[in-house]
4 protein chains.
Amino acid sequence: MNRPDKKVNLNADMGESFGAWNMGDDAALLDIVASANIACGFHAGDPLVMRRTLKLARERGVSIGAHPAYPDLQGFGRRPMTMAPAELEAAVIYQIGALAGLATAEGTHVSHVKPHGALNNTACVDSEVARSVCRAILAVDRQLILLAPALSRLAEAGREAGLTVVEEVFADRAYLDNGQLVPRQRSDAMIHGAAAAFNHVRRMLEESAIVSVNGKRLPTQVESICVHGDGADAVAIARHLKQGLSEIGYAVVTIPALRNKF
Amino acid sequence: MNRPDKKVNLNADMGESFGAWNMGDDAALLDIVASANIACGFHAGDPLVMRRTLKLARERGVSIGAHPAYPDLQGFGRRPMTMAPAELEAAVIYQIGALAGLATAEGTHVSHVKPHGALNNTACVDSEVARSVCRAILAVDRQLILLAPALSRLAEAGREAGLTVVEEVFADRAYLDNGQLVPRQRSDAMIHGAAAAFNHVRRMLEESAIVSVNGKRLPTQVESICVHGDGADAVAIARHLKQGLSEIGYAVVTIPALRNKF
Amino acid sequence: MNRPDKKVNLNADMGESFGAWNMGDDAALLDIVASANIACGFHAGDPLVMRRTLKLARERGVSIGAHPAYPDLQGFGRRPMTMAPAELEAAVIYQIGALAGLATAEGTHVSHVKPHGALNNTACVDSEVARSVCRAILAVDRQLILLAPALSRLAEAGREAGLTVVEEVFADRAYLDNGQLVPRQRSDAMIHGAAAAFNHVRRMLEESAIVSVNGKRLPTQVESICVHGDGADAVAIARHLKQGLSEIGYAVVTIPALRNKF
Amino acid sequence: MNRPDKKVNLNADMGESFGAWNMGDDAALLDIVASANIACGFHAGDPLVMRRTLKLARERGVSIGAHPAYPDLQGFGRRPMTMAPAELEAAVIYQIGALAGLATAEGTHVSHVKPHGALNNTACVDSEVARSVCRAILAVDRQLILLAPALSRLAEAGREAGLTVVEEVFADRAYLDNGQLVPRQRSDAMIHGAAAAFNHVRRMLEESAIVSVNGKRLPTQVESICVHGDGADAVAIARHLKQGLSEIGYAVVTIPALRNKF
């Protein structure tokens, strides 16, 4: 194994249990990823779940992101909703603040923000929603890093707003020629298996580009890779990916460390 | 009018609207009181209401307190609930953090915490609940001042935890010999009218004591007076009280200013 | 005054208080209208508010409709949401059933259904959503009458599904050439004042048509008129309207009575 | 195996998933029990989960009960709450009505009611709460059977109210001399393993009594046995219990069938 001379981040959504209901194997995933996007109570994650997830992340040196969502527990934040800009902005600030309070209580801090589910999807294609999210982040703490899908309106709005933006790609999802994800209902939406996921990621890293299902090359800086914790072998795939990245000379680092912030 | 040489605080609960539903005349009350206890979304106050209330308070130089509650919108936080200590502690931190995030966004900050409704009532008589609230406050920011009813277990727990504690009395409520409020169902529970409320407060200030319905004197430092914004002439009573306090030489100051913190 | 030989219904939304928050003057409005659309807990109306509203309606002989909404208390059901058809259908059944249970407890019954807010707006233009609502109604009780805006996809879907459909017009809203409401942001959206509202309604009744702001005549059976309880003089306008209808020979009857069902 | 000449019911709580969160193996348990207590949305069970659970129950001939709870998703209805009698009564009616609406939509009906969690526990020892629950049931449908823990205030209140009451015992819980469950924190609270659970149940059936941990015999009609679906081998224990009951001459029947209602 070479001494790592290149840096990449692995991130995953976390803390999505709620009350008596468990979701995901956070403990296993926290041993693999370097950054955690923690649910803030609107789509998942009650205060106690949030606090426990923060503690687990801190103990492993995993950097912490707020994962704000539409107010929709029943729909797990996956149902598109229309909120007025001021309403959305306040809702995002509220969630970041709540997580930040709990992070302080656990001796750690929030260093990035990544919107969840339908809010993220909408912010990727709707600049007004993207700008509301960015205004919210700036209003709480302009040092917060925005973690946004590569080539999205959200990433663009973040840069325009003066935020530090880290762009992510998905290890297990194929892309369209316009840089968006292949919709889940299509048979070629998912990248199946650990080997294919690693090759998918490796190619994007080597080409500094998203490569679409049709082979189109969409240049973008690939700094962070999103992995998932649900599904039968998700954790195994994430572990394989991390091992593979190490073998080709990548150090897996936190989101702040990508930018030499700690 | 003498030059004010004594200090007292007037505080009121605020920001208890929710979505399409309005409650209270916050704007009128904010012109009178020096400190606002702002609902944090669990019993009232959605994120946008919270932000608007913070803005109004900041514009008037009114100091800001978090007003955390049990998670109970339908019951307005007035229904006693049993929460495990860790659960309650996390819920209180969450609410303080959420308000603090919105306060930062509005260029201000949270300087005190006062529990709401059933949570406050329980914390006044149940030391375990009181300690959970105090641990939550300490965990977020040990500079936060606890605003607690005079002679309560909550005030006691706050001092034991090393918090700065400011004790409040109620302008419109009579007291039992044990320092607790006369229950609302009793005919002598309420102090009616502006003149009676002022005399009630004046006596407590002059005697540095709560004086019960039976004339029993319970020594306590009276630093803050809680007024209410609901009811037909609540705002008029609060205005009269403030005027009366000024005439007897009291400056109405914020909660941090009581302790020379700003 | 002539002996009334024609029938028309007046309906209004009701029971939109929640917990400690009041909304509207239901008691006043219930003395005027013949049918009440009662909130079912998803956008407003907790179980106790629902029960009290049912009691008031029953005492006045006002017929009862379920007023189901998206699950969105904070947004008062006014925020568009995307729900899967099966999810929406179950949510509508749930709300109708809940109100029906409380109606039985109050010795009355639900005789119609009218969707609320964003759900109604979407069902008026989106046939798939309209069909989900209709399937829900049929599944609970095929005797339930659908109260839908005149000329809407919802009314159309109701007829296709075999439901009894009563179409309503708004006393205080102007119409576009396509039969939809003039958007609220336009200066000519609202019909102002009691006299104008009565003339607006009278013309629609006489012409058996909606007459648009441009004078276009859109034939439709006008059987029910929706009035509102919020706003400074809403109740006065509703009272004036009812009086005027009586003077031109209309009996104001319940929705079931329009179809000789009781 | 003898021809069954005695009847007993097996019941279990069901439909306690919510949105994206799953709980329990309802399908497996529905193949064993004869009656299902279905969550009604207040502690678990969104409308779609309710509908799916109703469908599964109907397909297997399992009789249906409403399982109403305090409004407390985060606490899974396990946190004691204080609700005013009228408020609680309306909340229980609302939940029964909602389930009844969905049951109608699935071509079946609700035949019993069993309160959940903290509401059940409180109703077992607090006659006022028990009476509120009973009034709610009577108000919706006096044919509904109350399923209540044996020897509880709830069972007593049900009989006083004129309801048909079926009393249940727990296969996996030990009893105190007063007929209440041994608190979970005690080491002897649980009956461990399939053989012990069957012997526990068998003895109660044979003696027509609860037999406490101290050997005290508390006569009661044992008609229904509650089994659980959570825990590693809960389903296996339930299956063993059913097999054992069959071998000693019991037919496992639905709750209505216990009383020859269908």
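All values derive from a computational prediction rather than experimental measurement.
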With a cut-off of 6.0 Å (strictly less than), are more than 12 heavy atoms of other residues, nucleotides or ligands near CZ of C/Arg173? yes
If you count heavy-atom pairs under 4.5 Å between each of D/Pro47, D/Ala86, D/Gly101, D/Pro71 and chain C, which one has the most? D/Pro47
Checking heavy atoms, do the side chain of D/Ala100, its backbone, both or neither come under 4.5 Å from chain C? neither
Looking at D/Ala84, D/Ala136, D/Gly107, D/Cys40, which one has more heavy-atom pairs under 4.5 Å with chain C than the rest? D/Cys40
Counting only heavy atoms not in D/Arg142, do more than 12 sit closer than 6.0 Å to its CZ atom? no
Under 4.5 Å heavy-atom distance to chain C, tell me which part of D/Leu102 shows up: side chain, backbone, both or neither. both
Does C/Glu59 have more than 12 heavy atoms from other residues, nucleotides or ligands lying within 6.0 Å of its CD? yes
Checked D/Arg51, D/Gln95, D/Glu87, D/Glu106 vs chain C; the most non-hydrogen pairs under 4.5 Å come from D/Arg51
Kindly check if the number of other-residue, nucleotide or ligand heavy atoms within 6.0 Å of CZ (C/Arg259) is above 12? yes
Could you tell me whether D/Lys55 atom NZ has more than 12 heavy atoms of other residues or ligands within 6.0 Å of it? no
Show the nearest heavy-atom pair for residues D/Val140 and C/Thr104, with the distance to one decimal. O-CG2, 3.3 Å
Under a 3.5 Å distance rule, please check whether D/Tyr94 uses its side chain to pair with a backbone N or O of C/Leu48 as donor and acceptor. no
In short, C/Ile93 meets D/Ala105 closest at the heavy-atom pair CD1-CB, 3.7 Å
